[in-house]
Amino acid sequence: MARRFTAVTAALCACLLILAGCGSGGEKTARPGGDLVFARAADATTLLPPTTTQNEDIWTLQQVYETLTLNKPDGSGVEPGLATDWEESEDKMSWTFHLREGVKFHSGKTLDADDVVFSLNYARDQEDENNLWAAEFDPIKDVKKVDDQTVRIDLKQPWGPLPSYMALFAASIYPDDFGGHDAEYMASHADGTGPFKVGKWNKGQSLELVKNPNYWEEGVPSLDSVAFNVVADDNTRRLQLQGGQADINQEPAPLSMSQLSRSQDINAQAFTSTKILYFNINNKEKGLDDPKLRRAMSYAVDRKSIVEVVYAGYAEPATSFISPGLAGHSDKVDSSQFDMEKAKQLVKESDHPDGIDITIQIPSGVADRELLAQIAQQAWQDIGLTVHVQKLDDATLTTNRTNGDFQVQVSYATSDVSDTSQMINFLAVTDDSGIRSGYANPKVEKWAEEAVAEEDPEKQNELYAQIQQQVADEAPIVPIAYQRALYGMSRDVVGFEPYVLGTYGLKETKLKH
């Protein structure tokens with residue numbers, strides 16, 4: 001009997017070895033090629049970089065266009081991009097950039113200094129009402145061609161952060177004179193030097209990027225194509241990822257992360273980020289133009305509970321509108337206090353002691369924004385305000401913000417450059433672009449200008465701390481939480497690593513086949 005059992009066991013082991021051998025031969029490995037499907041809540045709105053503030057646009061365009069410098073993945077500074085090196089003049093009134101040789105645009109034109117001069121002058125054109133980032137480049141006096149491979153940027157004043165701002169997506173480089181086209185044409189087409197070029201764009205549904213076979217960096221990209229599919233509803237994106245119709249789910253609902261992580265086929269990850277969630281308040285609206293009432297709204301928000309209930313611990317209460325991931329964040333400022341009695345008292349002291357009627361606009365199908373709005377609605381009603389919640393599609397939300405047609409919106413922002421001044425300008429200074437909050441404080445603008453010109457980092461951070469305190473006191477926006485960047489990914493996706501500043505480089509991403 002024992003001999004028979006041994007023989008059967010041996011036969012079974014042999015079969016298992018054969019099966020195991022067959023299985024190992026069919027295992028997927030990461031290798032070149034493949035078509036990545038990216039599910040996200042909103043479509044791109046334009047392919048012309050300086051004319052948008054939407055992250056879906058920005059993160060798409062950064063695969064297509066490139067800049068003189070590139071943000072380091074950890075957000076600590078910049079590294080060479082289309083410029084291999086650069087230097088500041090002794091008098092600190094100019095910077096010289098030396099261009100990478102042999103780089104070609106998707107149209108086949110070879111990159112030269114004329115392209116850079118045209119692109120940067122376009123980016124800083126403040127007379128173009130469609131250019132939402134021109135004010136960011138205000139310290140620039142002139143951009144000049146030195147020779148075909150060299151460009152000099154002259155300044156109105158010393159500007160140490162300039163190399164960081166050359167990594168801003170709005171400073172993307174296109175062919176001189178848009179290659180014979182105009183801005184309207186470029187808004188729906190693209191001609192960059194990036195690892196991917198634009199393929200098909202079915203607006204409102206999907207935007208396809210295809211591999212640039214002539215990319216200057218050898219060996220990348222690996223992927224043949226990337227499809228950004230528009231799936232507005234959080235739950236539908238989750239189901240598509242779980243069902244294999246999508247490889248990456250951008251921004252899954254925080255409360256779904258634990259469910260995703262239980263699947264053996266999905267990798268649910270939270271990445272370090274400079275992302276800040278906030279209520280964008282229209283400071284020009286009657287009632288909301290009163291700092292006391294806005295501050296009351298801030299005191300009424302229980303950020304610690306929101307972090308636990310809405311964001312499942314994937315966030316921290318925001319003490320300032322500047323993320324701790326940026327060097328200029330001040331630990332001395334704390335606008336996160338929760339005090340309902342103080343909030344009620346401020347409403348009584350305001351110009352509207354009987355409260356006001358406001359509407360919170362949120363994107364449809366985004367669970368965390370809806371829950372956040374509901375919590376704020378109850379809290380603000382408890383201090384005497386009448387509050388409504390309005391769900392809108394993403395395009396309408398953007399149009400409303402641009403036109404100032406809102407009272408309160410649930411929004412988020414990530415820093416686009418490693419220097420703190422960019423988030424200062426975007427959220428607290430530059431009303432002609434950015435979030436259109438209508439906030440304008442001469443003291444804040446003065447401190448921001450002084451900080452940019454300040455060479456001593458300690459003194460610069462002192463100015464940034466003053467700005468953060470002033471914003472906390474006047475509450476032109478209500479910071480809620482610092483959130484990590486959430487992604488759900490198929491385990492067939494390899495090398496996808498979002499950067500601290502929010503973007504991601506798909507040229508490093510591979511698929512297992």
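In this text the structure is predicted, and so the values were computed from the model without any measurement.
For the residue pair Tyr504 and Gln250, a side-chain donor N or O sits within less than 3.5 Å of a side-chain acceptor on the partner. With 3.5 Å as the limit, one finds a donor-acceptor pair spanning the side chains of Ser89 and Ser94. Side-chain contact check for Asn71 and Ser418: no donor-acceptor pair (N or O, by modelled atom type) lies under 3.5 Å. Side-chain contact annotation: Asn229 with Ser206, donor-acceptor N/O pair under 3.5 Å present. Side-chain atoms of Thr29 and Lys512 form no donor-acceptor pair, as typed in the model, at a separation below 3.5 Å.
Applying the salt bridge (Lys or Arg N to Asp or Glu O under 4.0 Å) test to Glu218 and every residue at least two apart in sequence or in another chain returns nothing.
Of all heavy-atom pairs between Asp234 and Glu251, the closest is OD1-O, 4.3 Å. The two residues Asn280 and Ser411 have their closest heavy-atom pair at CB-OG, 3.9 Å.
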Evaluate the side chain to side chain contact (heavy atoms under 4.5 Å, CB included) criterion for residues Leu155 and Ile140: first the C-alpha distance (whole Å), next the side-chain angles of each, then the deciding distance (0.1 Å), finally the verdict. CA-CA 4 Å; Leu155 304 174; Ile140 295 177; 4.3 Å; yes

Side chain to side chain contact (heavy atoms under 4.5 Å, CB included) between Tyr65 and Phe169, intermediate numbers included: CA-CA 8 Å; Tyr65 284 106; Phe169 75 97; over 6 Å; no

Working for side-chain hydrogen bond (donor to acceptor under 3.5 Å, both in side chains), residues Asp265 and Ser263: CA-CA 5 Å; Asp265 298 321; Ser263 172; 4.6 Å; no

Is there a side chain to side chain contact (heavy atoms under 4.5 Å, CB included) between Tyr482 and Thr319? Walk through the geometry before answering. CA-CA 9 Å; Tyr482 307 124; Thr319 56; 3.4 Å; yes

Set out, in order, the CA-CA distance, both residues' side-chain angles and the distance that settles salt bridge (Lys or Arg N to Asp or Glu O under 4.0 Å) for Asp114 and Lys145, then state yes or no. CA-CA 7 Å; Asp114 291 325; Lys145 172 182 177 179; 3.4 Å; yes

Between Gln54 and Asp394, does a side-chain hydrogen bond (donor to acceptor under 3.5 Å, both in side chains) hold up when you go through it step by step? CA-CA 10 Å; Gln54 293 297 100; Asp394 202 72; 3.2 Å; yes

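Not a single donor-acceptor pair under 3.5 Å links the side chain of Asp125 to the backbone N or O of Ala134. Panel note: side chain Asp247, backbone Val37; a donor-acceptor pair is recorded below 3.5 Å. Under a 3.5 Å cut-off, the side chain of Arg40 and the backbone N or O of Ile248 do not form any donor-acceptor pair. With hydrogens and angles ignored, the 3.5 Å screen pairs no side-chain donor or acceptor of Gln468 with any backbone N or O of Asp331. Side chain of Trp86 to backbone of Pro80: no donor-acceptor contact under 3.5 angstrom is found.
Taking the side chain as every heavy atom from C-beta outward, Lys391 and Val366 never approach each other to under 4.5 Å. Looking at heavy atoms from C-beta onward, Val78 lies out of side-chain contact with Met166 at the 4.5 angstrom threshold. Between Glu87 and His98 the shortest side-chain heavy-atom distance falls below 4.5 Å.
Taking the centre of each ring, Phe228 and Trp59 stay at or above the 6.0 Å mark. Aromatic rings of Phe178 and Phe118 (six-membered ring for Trp) have centroids within the 6.0 Å cut-off, being under it.
For the salt bridge (charged side-chain N to carboxylate O under 4.0 Å, His left out) condition, no pair includes a residue of residues 170-189, sequence neighbours left out. A salt bridge (charged side-chain N to carboxylate O under 4.0 Å, His left out) check over residues 50-68, counting only residues at least two apart or in different chains, returns nothing.
How far CZ of Phe38 is from OH of Tyr487: 5.5 Å, rounded to the nearest 0.5 Å. Distance check, rounded to the nearest 0.5 Å: CG of Leu392 to CD of Gln390 gives 4.0 Å.
Looking at Asp85, Leu111, Leu68, Thr84 one by one, the single match for side chain to side chain contact (heavy atoms under 4.5 Å, CB included) with Arg100 turns out to be Thr84.
Using a cut-off of 4.0 Å between Lys/Arg side-chain N and Asp/Glu carboxylate O, Asp191 and Lys109 are scored as not salt-bridged.
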